[in-house]
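Each remark here refers to the structure printed beneath this line.
Quick note on labels: first sequence line is chain A, next is B, and so on, each numbered from 1.
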Amino acid sequence: MTVRVRFAPSPTGELHVGGARTALFNWLFARKHHGVFILRFEDTDIERNRPELIEPILESLRWLGLLWDEGPYFQSHRMALYREWAERLLKENKAYRCYCTPEELEEKRKRALAAKQKPKYDGHCRHLTAQEEQRFLNEGRQPALRLKVPQSGTIVVEDAIRGRVEFDFSELDDFIIVRSDGRPTYNFAVVVDDITMGITHVIRADEHLNNTPKQILLYQAFGYPAPVFAHVPMVLAKDRSKLSKRHGATAVFEFRDRGILPEALVNYLARLGWSHGDQEIFSVQELIEHFSLQAVHPSAAIFDEEKLLWLNQHYLKTSDPKRLGELLRPFLVKLGIFSEAEAHAVPGEKLTQIVVLFRERAKTLTELAEPARYLLTDNFSYDSEAAQKFLTAEKVALLQGLAGALASVEPFTAAELERATRAYLESQGKTLKDVAQACRVALTGRTAGAGLFETMELMGRERVLGRLSSVASLLT
RNA sequence: GUCCCCAUCGACUAGCGGUCUAGGUCACGGCCCUUUCAAGGCCGAAACGGGGGUUCGAAUCCCCCUGGGGACGCCA
């Protein structure tokens, strides 16, 4: 049987890293088993739905490379189907109409909670007579539909990650499957969808484990075998609480915008809660090859940005510089270094050179783009502390002399520049160490950076000579 | 309150009864390399939550406690 899995977000927020990991596990599982990865939007909650979020979620998945084979489907387009399936349960006497109002139910729930009891529906409408129903109808009440749940017994969930999990029917109640306005509830729509879409493996977040017995009951009511369930552990913030906005970046887009590479996020997310021996770095191909639900660690995992950053740097160091250079352009704009048009006009070769020179010093594309400010423009500032420390009168004189020595270097390459610089310093009885930092500050405004001569080459003769000879103006 | 899940270094994890004086990675500390910062190399500190069992033997199996998380909606 072909493996068919689905990722089913609800369009109530951006795609966050927890959801992204769930999607990734589904995708990997599908690819590994040559199966089908289906995308489905669970948008039956008309109050909280935000249709404008659908495209960003799709774009997040595309950016991560998690392309779906089928869909996206929308539950909101499948209302007739749900109605039909609900009708069937009603006809077979497996479900019944409930005329209790949300207000009445809320009242009962509060009372139960206050009495420190588990809130459960009391079966009030389970055995209504025709006259009673008519009376409710006359009052103008719109019934919801509830599933008849056995009062006793147990139901077993065989979870691919957690093993056997047992639930007692006494924990369950006759839950609502269709709202009084005719829209299906989550548990009902999910099961109808998973059955009709032929889902073989339900890989989803841990928080749904408690819903699973209800869903299995629905499978039984419909007379279909349940799929394999796999509940993946939650992704937690540093303080062990559920990841949320107050913890900083959580949305996939935020990481993209900060200059995280998709392959780094994918690698990180895959390795969060899953492992394959001691291996840390995985290509997508390796991930597909080695992924298994059995190897998913069952406990919740804390999202560690430091490790993500380390992986990001790894991919910055090892990816094709040309590709990375092109990725830099939007960051040039975002950092205010260039206008859109200017960023577009920067020769690709320059960007590639920046990548090669700085990739070992940057953890993100943002950091990688930063040096372009002093490399490619004159609109940069000097670190006054550094200037004060390194640009002494003696050093300034030396640098001005150096400007003269470098004026006619040909070609203007790192190797030639180093030769000329060392020769000049030797003639002055100085070493490179004596002037390197001062020179760096004069050229870049800062004390940290790439190799001095490589920096000069990339900067170009005009900027180097100009900055060295005008260095006196920086004296304070 | 009830139910469910989880429990190895600060973090992610390896470990699936003896090979564990518990391994790897991130972060952290030190040293080396070095024109700075990085990168890299080497070294180091750092964990089986507690208590009972089972067993010749337990990080590994069972129970209890504790701790953390989740669910208990006409939300998903």
Nucleotides 59-66 of chain B: which of its N/O atoms have a protein N/O under 3.5 Å away?
none

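- For U55(B), there is no paired nucleotide, since no Watson-Crick or G-U wobble pair has both relevant distances below 3.5 Å.
- Not a single donor-acceptor pair under 3.5 Å links the side chain of D168(A) to the backbone N or O of E171(A).
- Between the side chain of E367(A) and the backbone N or O of K363(A) there is at least one donor-acceptor pair closer than 3.5 Å.
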For nucleotides 8-12 of chain B, print each protein N/O atom paired with a nucleotide N/O atom at under 3.5 Å, atom names and distance only.
{"from": "C12(B)", "atom 1": "OP1", "to": "I302(A)", "atom 2": "N", "distance (Å)": "3.0"}
{"from": "C12(B)", "atom 1": "O2'", "to": "R271(A)", "atom 2": "O", "distance (Å)": "3.0"}
{"from": "C12(B)", "atom 1": "O2'", "to": "R271(A)", "atom 2": "NH1", "distance (Å)": "3.3"}
{"from": "C12(B)", "atom 1": "O2", "to": "K307(A)", "atom 2": "NZ", "distance (Å)": "3.3"}

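- C56(B) and G44(B) are spaced 39 Å apart, taking the P atom of each and rounding to whole Å.
- Considering only residues two or more places apart in sequence or on other chains, K108(A) meets the salt bridge (Lys or Arg N to Asp or Glu O under 4.0 Å) condition with D122(A).
- Atom NZ of K238(A) is separated from atom C1' of A27(B) by 8 Å (rounded to the nearest Å).
- Under the ring pair (Phe, Tyr, Trp, His ring centres under 6.0 Å) criterion, H16(A) pairs with no residue at all, not counting sequence neighbours.
- For K317(A), the side-chain contact (heavy atoms from CB on, under 4.5 Å) criterion is met by Q313(A), E360(A), not counting sequence neighbours.
- Partner assigned to C72(B) is G1(B), using Watson-Crick or G-U wobble distances below 3.5 angstrom.
- Nucleotide G67(B) has C6(B) as its partner under the Watson-Crick or G-U criteria, with both atom distances under 3.5 Å.
- Nucleotides C61(B) and G24(B) have their C1' atoms positioned 26 Å apart, rounded to a whole Å.
- Taking atom C1' in both G51(B) and U66(B), one finds a spacing of 10 Å when rounded to whole Å.
- The closest donor-acceptor contact from the side chain of Y268(A) to the backbone of N312(A) lies at 3.5 Å or more, if one exists at all.
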Sugar-phosphate means primed atoms, P, OP1 and OP2; the rest is base. With that split, encode nucleotides 35-45 of chain B 5' to 3' as B, S or - using protein heavy atoms under 4.0 Å. BBBBSS-----
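- The same atom, C1', is picked in C26(B) and in U36(B); the two are 25 Å apart, to the nearest Å.
- The distance from atom CE of M234(A) to atom C1' of C4(B) is 14 Å, rounded to the nearest whole Å.
- In terms of position along RNA chain B, the nucleotide closest to F167(A) lies nearer the 5' end than the nucleotide closest to the other residue of the pair F167(A) and D278(A).
- Distance noted for atom P between A11(B) and G52(B): 26 Å (whole Å).
- Between the side chain of D206(A) and the base of G70(B) there is no donor-acceptor pair of N/O atoms closer than 3.5 Å.
- Computed from coordinates, the I161(A) CD1 to C16(B) C1' distance equals 17 Å when rounded to whole Å.
- Between the E457(A) side chain and the A414(A) main chain, a donor and an acceptor come within less than 3.5 Å of each other.
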Once base and sugar-phosphate atoms are separated, protein heavy atoms under 4.0 Å mark nucleotides 71-76 of chain B, 5' to 3', with B, S and - as SBSBBB
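- Between the side chain of Y73(A) and the backbone N or O of F41(A) there is no donor-acceptor pair closer than 3.5 Å.
- If you check A45(B) for Watson-Crick or wobble pairing at under 3.5 angstrom, you find it has no partner at all.
- Listed by chain and residue number, Y186(A) satisfy the ring pair (Phe, Tyr, Trp, His ring centres under 6.0 Å) test with H208(A) (two or more places apart in sequence, or in another chain).
- The backbone N or O of K120(A) lies less than 3.5 Å from no partner atom in the side chain of R109(A), so there is not a single donor-acceptor pair.
- Using a 4.0 Å heavy-atom criterion, one finds that F358(A) contacts no nucleic acid atom at all.
- Under the side-chain contact (heavy atoms from CB on, under 4.5 Å) criterion, A372(A) pairs with L332(A), I337(A), I354(A), L376(A), not counting sequence neighbours.
- Straight-line distance between the P atoms of A27(B) and A7(B): roughly 26 Å, to the nearest whole Å.
- With P as the reference atom, U54(B) and C62(B) are 15 Å apart, rounded to whole Å.
- Straight-line distance between the C1' atoms of C20(B) and A14(B): roughly 12 Å, to the nearest whole Å.
- Considering CG of L61(A) and CZ of F7(A), their distance stands at 6.0 Å, rounded to 0.5 Å.
- Contacts of F255(A) classified as ring pair (Phe, Tyr, Trp, His ring centres under 6.0 Å), with partners at least two apart in sequence or in another chain: F303(A).
- Nucleotide U21(B) is matched to nothing when pairs are restricted to Watson-Crick or G-U wobble geometry with both distances under 3.5 angstrom.
- For residues 172-184 of chain A, the pairs satisfying side-chain hydrogen bond (donor to acceptor under 3.5 Å, both in side chains) are Y96(A)-D174(A), R126(A)-D174(A), D181(A)-R183(A), with sequence neighbours left out.
- Every residue two or more places apart in sequence or in another chain that forms a salt bridge (Lys or Arg N to Asp or Glu O under 4.0 Å) with R463(A) is listed here: D378(A).
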